[in-house]
*Asks:* 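I am attaching a structure below and will ask some questions about it afterwards.
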Amino acid sequence: MAATDIADNQDRHAAFKAYRDTTRFGSLDGLRFLCILAVLWHHSPLTPIYLDQLQLAGRGFAGVDFFFVLSGFLITTLLLREEAEKGGFSLRGFYWRRILRIVPVYFLVVTLVAVYFIGWKGQGQWSELLPYYYLFLSNFLVGDIPLLDPTWSLAVEEQYYLIWPLTLLILPRRWVAPVLIAGIAVNVLGGAGLGQLIGITAFDIGPLHIALPTATYAPILMGSLLALMLRSPRGFAMLFRLCGGRFAALFWMLTVLFALQYLPFDLNGWPNLVLHVTMALALSSLVVREDNGLRPVLSWSPIRRVGQVSYGIYLYHLIALHFATAGLAAFGVSNGWIVFMVYIALSVLIADLSFRFFEARFLALQRPQKKPG
């Protein structure tokens, strides 16, 4: 074996050990910042203005896909590390932590919006939809209560949280990767309108429309697959070759932007697969080495703080947009950039206050645990 090969193997071994020993990945709050910024842009009045000039301007919704990839990676990494450390993972502990993190502020927002539109404004037609938000089934609703459109992704996450740990607990380890790949393939085929070829057809239950294109599970399963690959020395070595360079993070992030700009306008089917693979590689480049080229930017304190409260921003941002638009209109201000900046600032302010004075009370009830991101 050549000296350079020995050195490469030593570097990969050291990187793998460093990855396994990392208790919190330093770039991931910055990644959350980028994801939530994309979502904020997507719902801003600027999107339709620039969409005709740049397809990328209409792709802000992909921030949710990247959130899914990140979530799948972190949850699976957390479970696998707990299993390696303790010989198994606690379903009760996992569900309790997820409930404390997700449910209180989610239920608060759903309730406040319902009271505003159904109670205050007297729009009783939304009443029949309300139970499905509390049951985390809003991703299958045909319509949405105003300002609650983003909750569909929380429904997808909760369905994943319910099923995936049970699957990991039951399946022999050699079957986990094939099951993930099969799940991604089924979702891609369903999104491409080919669900009938594999015996899956859409059906309705009251206001719910159960169909694979409205069940965006592929990116979250992709994140889970990434975590599984990085857990093994062989999988880590393969990904480190692709994503372990000093500036690989910059390269793969630019590749994600390139894909968003030049993939077909309709991302269903294979374009989504390409996009989610590039997102997984970009995420990999941020975690296989802590000194990645984007670390100085992504770990900057203001960016990191916005990433830390990004969940709240996601829940509150349409409420902030609603009141920012109405408030500025009362003063005769309708400039898109001014609305955008005020709406971002208001979203961050509400989310930060919510985190400090509401969500933190529930998070304090969690048992201490090493969190990878």
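Residues: numbered from 1 along the sequence shown.
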*Asks:* Would you kindly confirm whether Leu171 and Leu228 end up in one hydrophobic cluster when ILVMFWY residues are joined by side chain heavy atoms under 4.5 Å apart?
*Replies:*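 Looking at the clustering, Leu228 is in the same group as Leu171.
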
*Asks:* Tell me whether Arg101 contacts the main-chain N or O of Glu359 through its side chain, where contact means a donor paired with an acceptor under 3.5 Å.
*Replies:*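 Checking the backbone N and O of Glu359 against the side chain of Arg101, no donor-acceptor pair under 3.5 Å is found.
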
*Asks:* Answer yes or no: is there an ion pair linking Lys17 with Asp21, defined by an N-O contact shorter than 4.0 Å?
*Replies:*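 Result for this pair is yes, salt bridge flagged.
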
*Asks:* Would you please indicate if the ring centroids of Tyr106 and Tyr133 are separated by under 6.0 Å?
*Replies:*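 Judged by ring-centre distance (under 6.0 Å), Tyr106 and Tyr133 do not meet the cut-off.
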
*Asks:* At what distance, to the nearest 0.5 angstrom, does CG of Leu239 lie from OG of Ser232?
*Replies:*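 The distance works out to 8.5 Å.
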
*Asks:* Main chain of Leu263, side chain of Gln55: is a donor-acceptor contact present, judged purely on distance under 3.5 Å?
*Replies:*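 Flag set: sc Gln55 to bb Leu263 pair under 3.5 Å.
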
*Asks:* Determine whether a donor-acceptor pair (N or O, by modelled atom type, separation under 3.5 Å) exists between the side chain of Arg59 and the backbone of Leu260.
*Replies:*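 Yes; judged by distance alone, with no hydrogens or angles, the pair exists.
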
*Asks:* Is Leu267 reachable from Tyr262 through a run of hydrophobic residues whose side-chain heavy atoms are each under 4.5 Å from the next?
*Replies:*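 Cluster IDs for Tyr262 and Leu267 differ.
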
*Asks:* On the 0 to 90° scale, with breaks at 30° and 60°, tag the Phe68-Trp152 ring pair as parallel, tilted or perpendicular.
*Replies:*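 Aromatic pair Phe68/Trp152 classed perpendicular.
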
*Asks:* Just verifying a value: how many Å separate Thr325 OG1 and Tyr343 OH, rounded to the nearest 0.5 Å?
*Replies:*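 That separation rounds to 9.0 Å.
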
*Asks:* Please check if the number of heavy atoms outside Phe258 that lie under 6.0 Å from its CZ is greater than 12.
*Replies:*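 No, because the 6.0 Å sphere around CZ of Phe258 holds 12 heavy atoms or fewer from other groups.
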
*Asks:* Residues two or more places apart in sequence or in another chain: which of them pass side chain to side chain contact (heavy atoms under 4.5 Å, CB included) with Ile350?
*Replies:*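 Testing Ile350 for side chain to side chain contact (heavy atoms under 4.5 Å, CB included), a comparison that skips the adjacent residues, returns Tyr316, Ala320, Leu346.
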
*Asks:* If two hydrophobic side chains count as joined below 4.5 Å and joins carry through other members, does Trp126 share a cluster with Leu135?
*Replies:*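 Both belong to a single hydrophobic cluster.
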
*Asks:* Might you confirm whether atom CZ of Arg92 has over 12 heavy atoms from other residues, nucleotides or ligands at distances under 6.0 Å?
*Replies:*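 12 or below, so no.
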
*Asks:* Looking only at heavy atoms, what is the nearest atom pair of Ile118 and Ser127, with distance?
*Replies:*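 In terms of heavy atoms, the two residues are closest at CG2-OG, 3.5 Å.
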
*Asks:* Is Arg98 close enough and on-axis enough to Tyr161, meaning under 6.0 Å and within 45°, for cation-pi?
*Replies:*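 Verdict for Tyr161: a cation-pi partner in Arg98.
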
*Asks:* I'd like to check Val64 versus Tyr314 (side-chain heavy atoms, cut-off strictly below 4.5 Å). Are they in contact?
*Replies:*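 Sidechains of Tyr314 and Val64: in contact.
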
*Asks:* Does either side chain, that of Ser71 or that of Glu157, offer a donor lying less than 3.5 Å from an acceptor on the other one?
*Replies:*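 Indeed, the side chains of Ser71 and Glu157 share at least one donor-acceptor pair under 3.5 Å.
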
*Asks:* The test is side-chain contact (heavy atoms from CB on, under 4.5 Å); show your working for Tyr217 and Asn139 and say whether it passes.
*Replies:* CA-CA 11 Å; Tyr217 302 118; Asn139 58 319; 3.9 Å; yes

*Asks:* Does Arg173 reach the main-chain N or O of Leu168 with its side chain, forming a donor-acceptor pair under 3.5 Å?
*Replies:*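 Side chain of Arg173 to backbone of Leu168, a donor-acceptor pair under 3.5 Å: yes, one is there.
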
*Asks:* Indicate yes or no: at least one non-hydrogen side-chain atom of Arg305 is less than 4.5 angstrom from one of Val348.
*Replies:*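 No, too far: nothing below the 4.5 Å cut-off.
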
*Asks:* Which heavy-atom pair separates Leu315 from Val109 by the least distance, and what is that distance?
*Replies:*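 In terms of heavy atoms, the two residues are closest at O-CG1, 3.8 Å.
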
*Asks:* When you group the ILVMFWY residues by side-chain heavy-atom contacts below 4.5 Å and let the links chain together, are Val115 and Leu108 in the same group?
*Replies:*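 Per the 4.5 Å side-chain linkage, Leu108 and Val115 are not co-clustered.
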
*Asks:* How long is the gap from CG on Leu100 to CZ on Arg361, to the nearest 0.5 Å?
*Replies:*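 It is 14.5 Å, given to the nearest 0.5 Å.
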
*Asks:* Listing request: all side-chain hydrogen bond (donor to acceptor under 3.5 Å, both in side chains) pairs with a residue in residues 271-288, at least two apart in sequence or in separate chains.
*Replies:*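 Found Asp65-His276.
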
*Asks:* Rounded to the nearest 0.5 Å, how far apart are OG1 of Thr151 and OH of Tyr134?
*Replies:*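 If I round to the nearest 0.5 Å, the distance is 11.0 Å.
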
*Asks:* Looking only at non-hydrogen atoms, find the nearest pair between Asn187 and Ala218 and report the distance.
*Replies:*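 The pair with the smallest heavy-atom distance is OD1-N, 2.9 Å.
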
*Asks:* Any side-chain heavy-atom pair from Cys35 and Leu70 closer than 4.5 angstrom?
*Replies:*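 No, their side chains stay 4.5 Å or more apart.
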
*Asks:* Does Ser310 reach the main-chain N or O of Ile36 with its side chain, forming a donor-acceptor pair under 3.5 Å?
*Replies:*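 Looks like no, no N/O pair under 3.5 Å.
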
*Asks:* Any side-chain heavy-atom pair from Leu169 and Phe89 closer than 4.5 angstrom?
*Replies:*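 Sidechains of Phe89 and Leu169: in contact.
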
*Asks:* Can you tell me how far CZ of Arg231 sits from CG of Leu79, rounded to the nearest 0.5 angstrom?
*Replies:*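 Reported to 0.5 Å precision, the distance equals 11.0 Å.
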
*Asks:* With the side chain counted from C-beta on, respond yes when Leu298 and Leu34 share a heavy-atom pair under 4.5 Å apart, and no when they do not.
*Replies:*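 Answer yes - side chains close enough.
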
*Asks:* If you look at every heavy atom in Arg24 and Glu290, which pair is closest and at what distance?
*Replies:*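 Heavy atoms of Arg24 and Glu290 come nearest at O-OE1, 3.9 Å.
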
*Asks:* Is any side-chain heavy atom of Phe362 closer than 4.5 Å to one of Val103?
*Replies:*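 Val103 does not reach Phe362 side chain to side chain.
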
*Asks:* Any non-hydrogen side-chain atom of Tyr311 less than 4.5 Å from a side-chain atom of Leu154?
*Replies:*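 In contact.
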
*Asks:* Parallel, tilted or perpendicular: which one describes the rings of His322 and Tyr116, with boundaries at 30° and 60°?
*Replies:*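 His322 vs Tyr116 ring planes: perpendicular.
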
*Asks:* Kindly indicate, with the supporting measurements, whether the criterion side-chain contact (heavy atoms from CB on, under 4.5 Å) is fulfilled by Met279 and Leu226.
*Replies:* CA-CA 10 Å; Met279 287 178 171; Leu226 174 64; over 6 Å; no

*Asks:* Donor-acceptor pair, Asp352 side chain versus Leu349 backbone, under 3.5 Å?
*Replies:*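 No, Asp352 side chain to Leu349 backbone: no donor-acceptor pair under 3.5 Å.
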
*Asks:* Does the plane of the ring in Trp41 sit parallel, tilted or perpendicular to the ring in Tyr50? Use 30° and 60° as the thresholds.
*Replies:*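 It falls in the tilted class, 30° to 60°.
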
*Asks:* May I have the step-by-step check of side-chain contact (heavy atoms from CB on, under 4.5 Å) for Ser138 and Leu148, ending in yes or no?
*Replies:* CA-CA 9 Å; Ser138 58; Leu148 292 182; over 6 Å; no

*Asks:* What class does the angle between the rings of Phe73 and Tyr19 fall in, given that below 30° is parallel, 30 to 60° is tilted and above 60° is perpendicular?
*Replies:*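 Ring orientation, 0 to 90° scale: tilted.
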
*Asks:* Quick one, Phe94 and Glu82 - any side-chain contact, counting heavy atoms below 4.5 Å?
*Replies:*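 Not touching, per the 4.5 Å side-chain cut-off.
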
*Asks:* Before giving the answer on side-chain contact (heavy atoms from CB on, under 4.5 Å), spell out for Tyr160 and Val156 the whole-Å C-alpha distance, their side-chain angles and the decisive distance to 0.1 Å.
*Replies:* CA-CA 6 Å; Tyr160 166 81; Val156 170; 5.5 Å; no

*Asks:* When Leu250 is tested against each of Leu294, Val297, Asn292, Thr255 for side chain to side chain contact (heavy atoms under 4.5 Å, CB included), which residue passes?
*Replies:*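 Exactly one option meets the side chain to side chain contact (heavy atoms under 4.5 Å, CB included) with Leu250, and it is Leu294.
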
*Asks:* If you look at every heavy atom in Thr76 and Gly72, which pair is closest and at what distance?
*Replies:*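 Closest pair (atom of Thr76, atom of Gly72, distance): OG1-O, 2.8 Å.
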
*Asks:* Answer yes or no: is there a donor N or O on one side and an acceptor on the other, between the side chain of Arg295 and the main chain of Ser27, under 3.5 Å?
*Replies:*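 Side chain of Arg295 to backbone of Ser27: no pair is present.
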
*Asks:* Working to the nearest 0.5 Å, report the span between CG of Leu31 and CD1 of Ile303.
*Replies:*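 Answer rounded to 0.5 Å: 11.5 Å.
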
*Asks:* Which atoms form the tightest heavy-atom contact between Gln261 and Leu54, and what is the distance?
*Replies:*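 So the minimum-distance heavy-atom pair works out to OE1-CD1, 3.4 Å.
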
*Asks:* Membership question, hydrophobic clusters at under 4.5 Å side-chain separation (ILVMFWY): are Leu283 and Phe247 in the same one?
*Replies:*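 Different clusters: Phe247 never reaches Leu283 through Ile, Leu, Val, Met, Phe, Trp or Tyr contacts under 4.5 Å.
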
